[in-house]
Amino acid sequence: MLRNSKVVILGGGIAGTSCAISLLREGFDTTIIERSLSAKNLPGETVHPGIQTLLRQLDVLDVVLASHFKRNTGIDVSDQGGAINQHFYNQECSWEGFQLIRKEFDSILLNKCYELRGTVLKGERPLKLKFDSDGQIQSVITDEREITANVFIDATGRAAWLARMLKKEYSKVSRQLIAYYGLVENDKEEHFKNPRLIWDKESWTWLSEVNASTISWAYLHKDNGTKISRTWIPKELGNARIIEPRRAADVTWKIAKNAACSNHFLLGDAAFTVDPISGNGILKAMMSGIMTAYLLGQSSSLMSAQREYRNWIAEWFAKDSIQLFKLYEEKGWDLNVMMGNLSH
């Protein structure tokens, strides 16, 4: 029954395209609505080598390998106790992770959707939803057309367009946290192979070489009252020329109370967020898309698929939150300040 469903995915980023590819390969009638005409020029992101399993599952591994994204063997971490390298390896072999350039990576996944003959509506802006007599979503109305479907999927990231339209509530386990990020010109004479994570008792700074000419950075301060200017860059970058002024993202740890119910699912950051030091934002986006498609293809009913999905993301969110609490405590952060009045 579910395999005959028509699915509309709002958002053509990593979560949306991973879900679409998986659905299309299962034979679902799938439409992506993406308001941007071209892939977004987001900072590069470092991903664990385990992503190759997912890339192979989506049948894009060969294309990613041929794209010559920068590779890395681990993360160079420094704090008050010194510096260490956290390698990607086990006792038998050494892995290399990827430094993905988001614009290129997003395009690879979107091209796969085209190859599988999915419908991609680029440059269309969703405006409102229409509901049937039972209160389920019947269609989404864009600035170009009305699209009817059986299942609707929110893959719009932190914008959470569908969640906002449905007035979804989120459970928070941290006070508001803001991460800043940007791109600068790489003017270093010595290039660094691996990303760098620099800790102190009040903040962390992430530096990663996207390619020979560009460095991506991210920064989070435990006190949300600490503001930085649009032209600020981490001191470790000296007077590097700014390619793009810093941006900000709300990375408060939170999870949607009903990430899958009625006839819709929330994917990736629309479902839950933790701050980027968890290092699995891209993996979460890809896996939530793949898992949703798998459940729609294998479950006997929509309700059972949604129940399994809710349990799955709840377990992931709880695991990430616990690990982050332990990490920040280990680094000497005052969790009472970071968590505000929220219990931890």
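Below, all heavy atoms of this structure are taken into account, side chains as well, without hydrogens, waters or symmetry copies.
With sequence neighbours left out, the side-chain contact (heavy atoms from CB on, under 4.5 Å) criterion links E329 to L335.
Note that CG of L24 is 12.5 Å distant from OH of Y114, once rounded to the nearest 0.5 Å. With rounding to the nearest 0.5 angstrom, the OG atom of S107 is 11.0 Å from the CD1 atom of I101.
No side-chain donor from either of W161 and D154 sits under 3.5 Å from a side-chain acceptor of the other.
Aromatic ring centres of W312 and Y294: separated by at least 6.0 Å.
Looking only at side-chain heavy atoms (C-beta outward), L302 and F265 come within less than 4.5 Å of each other. Counting heavy atoms from C-beta on, the side chains of Q52 and V64 never come closer than 4.5 Å. Side chains of N186 and T214 form no contact here, defined as non-hydrogen atoms less than 4.5 Å apart. Annotation: side chain of T46 is in contact with side chain of W206 (closest heavy-atom distance under 4.5 Å). Contact annotation: the side chain of S262 never approaches that of I137 to less than 4.5 Å [non-hydrogen atoms, C-beta and beyond]. Between H48 and N280 the shortest side-chain heavy-atom distance does not fall below 4.5 Å.
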key: Pair L121-R145, side chain to side chain contact (heavy atoms under 4.5 Å, CB included): steps then yes or no   = CA-CA 10 Å; L121 305 176; R145 71 197 82 203; 4.0 Å; yes
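Partner of W232 under the ring-ring contact (aromatic ring centres under 6.0 Å, His included) criterion, chosen from Y180, Y181, Y219: Y219.
Checked by atom type and distance alone, the side chain of K122 never pairs as donor or acceptor with a backbone atom of G12 at under 3.5 Å. In this structure, the side chain of R25 engages the main chain of Q57 through a donor-acceptor pair within 3.5 Å. In this structure, the side chain of R241 does not engage the main chain of V184 through any donor-acceptor pair within 3.5 Å.
By the 6.0 Å contact criterion, CG on D143 is enclosed, its count of non-hydrogen atoms from other residues, nucleotides or ligands being greater than 12.
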